[in-house]
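Start at 1 and go down the list; that is how both ligands and their atoms are numbered.
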Amino acid sequence: MHAAEPLKNDQQSQLNALYEQMEPEGLYPLWEKLAALVLPKPDSPAKVHKWSYDNARDYLMRAGDLISAKQAERRVLILENPGLPGHSGITPSLYAGLQLILPGEVAPSHRHTQCALRFVIEGDGAYTAVDGEKAIMKPFDLVLTPGGQWHDHSNPTDTPMIWLDGLDIPTVRHFDASFAEGYPEDQFPEQVPPGDSLNRYGRNMRPLKGHSADRRPAHQPLFHYPYADWRPALDGLAASGEAPDPHMGHALEFLNPVNGGPIMATISAHVRLLPEGFETKPRRSTDGTIFVVVEGTGEAVIEGETIALNPREILVVPSWKQVVFKAESQLVLFGYSDKACQEKLNLYREENA
Ligand code: GTQ
């Protein structure tokens, strides 16, 4: 930041002697570390990385032969960022994993302070039950398990079900605020028919009054955002004739109907559609983002590095890395990040070139 004033003659050796004596007392000189602690701009230890779905699926199915969902509690392969070894994070603040539920299996009910989203990649008809209400899942549905709510996953179909788990595990760890407990039975007792909260809160309406109107937590009533709803909305935007946003394409954020804010306290999520041949202008933001390719092919060019994009691949773009997306065919992406959390802390920034 400022040009350092040079040290005189034997100043450094005297300082070194001082550091050595202080260190056992847990005392360190800030002036040796200031530049690395207070950065002029983000310099994420996380790396740009892409996971092939087919490759990860192969390992997941092999795990499925060796351990049951019940034994594992959650049979998930963690997508760990290669720049964050041992951190179990895909970015410094967020976690990602691929979860497999085989036909007939149940991942038993538990609850925890961490917030979770599920983005379905494969299978049709398994469900996540949240406080005893099933969200029956189809490919590319978004399902939330907000912090503190009981949830179990079951697959009554005859095909495997696989989804991407996105959680704020590293954020909760950072704040030392994790609580978790198991439910005494595998499944939380069913409270209402599937789709109940979607009917009450998912159509831009809310219960006026009446039976179980207040069953869901007031701050988080909706937890299912079906592909059948969001995908046609993107098509409608693309067909409207309005030019795509130069940096984002046609992009829609998933909302919490209570306040029009992000889906959960710590995690934001969106989808975007880039028409065939469209190339975005360069953009960077402080929210490192995890993308799933929903359909189409293209490229992400991140700080000059070109990464091919194919359906079901998972890509992480860390904080403040400049990215350009190019759609070879019409490209549809899902993305989630910690923008919701950063905005609360007045940290979020973006730069649209
Ligand atoms: O489904 O509850 O990938 O608690 C990691 C932790 C999934 C879950 C994960 C979890 C879950």
Side-chain angles (χ1 to χ4, degrees), residues 51 53 56-57 59-64 66-81 84 86-102 105-123 126-137 141-156 160-188 217 220 223-225 263-267 269 290 292 312 314 316 334 336-338:
W51 285 263
Y53 179 68
R57 181 188 194 279
Y59 286 111
L60 190 52
M61 295 307 288
R62 282 168 60 186
L66 297 173
I67 188 168
S68 71
K70 193 166 176 185
Q71 284 175 316
E73 185 166 341
R74 295 295 184 264
R75 187 176 47 221
V76 178
L77 298 187
I78 299 168
L79 275 52
E80 183 178 83
N81 192 294
L84 304 169
H87 176 79
S88 300
I90 192 163
T91 67
S93 63
L94 293 176
Y95 159 104
L98 284 168
Q99 179 156 185
L100 167 66
I101 312 281
L102 286 167
E105 285 192 320
V106 177
S109 183
H110 69 192
R111 67 177 175 183
H112 39 68
T113 32
Q114 288 81 0
C115 292
L117 63 77
R118 332 278 168 193
F119 190 69
V120 179
I121 301 189
E122 178 182 331
Y127 58 85
T128 289
V130 179
D131 280 346
E133 178 185 343
K134 296 172 185 170
I136 297 172
M137 299 196 271
D141 280 9
L142 173 65
V143 175
L144 311 182
T145 319
Q149 303 190 14
W150 295 106
H151 54 286
D152 45 83
H153 314 293
S154 301
N155 185 353
M161 192 87 190
I162 300 176
W163 60 77
L164 184 78
D165 283 326
L167 286 91
D168 57 5
I169 288 173
T171 300
V172 175
R173 178 174 57 203
H174 171 75
F175 288 113
D176 278 340
S178 178
F179 292 91
E181 63 185 313
Y183 192 73
E185 293 155 46
D186 280 356
Q187 290 173 287
F188 192 88
Q220 200 85 66
F223 60 89
H224 193 182
Y225 300 75
I263 43 167
M264 291 185 285
T266 47
I267 307 180
I290 301 92
V292 179
R312 299 178 177 182
I314 298 149
V316 57
F334 165 79
Y336 73 96
S337 79
D338 63 9

* Asked: Which pair of non-hydrogen atoms, one from Asp338 and one from Ser93, has the smallest distance, and what is that distance?
  -> OD2-OG, 2.6 Å
* Gap between atom OH of Tyr53 and atom CG of Leu60 - 0.5 Å precision -> 7.0 Å
* To do: Compile the protein residues with any heavy atom at a distance under 4.0 Å from an atom of ligand 1; present them by chain, then by number.
  => Arg74, Val76, Tyr95, Gln99, His110, His112, Arg118, His151, His153, Asp165, Leu167
* To do: Tell me, please, which residues at least two apart from Glu73 pass side-chain hydrogen bond (donor to acceptor under 3.5 Å, both in side chains).
  => His110
* If you look only at pairs with a residue in residues 176-187, which of them pass as a salt bridge (charged side-chain N to carboxylate O under 4.0 Å, His left out), with sequence neighbours excluded? -> Lys70-Asp186, Arg111-Glu181
* With sequence neighbours left out, write down each residue that passes side-chain hydrogen bond (donor to acceptor under 3.5 Å, both in side chains) with His87, or none if nothing qualifies. => Arg173
* To do: Anything under 30° is parallel, anything over 60° is perpendicular, the rest tilted; go ahead and classify Trp150 against Phe188.
  => parallel
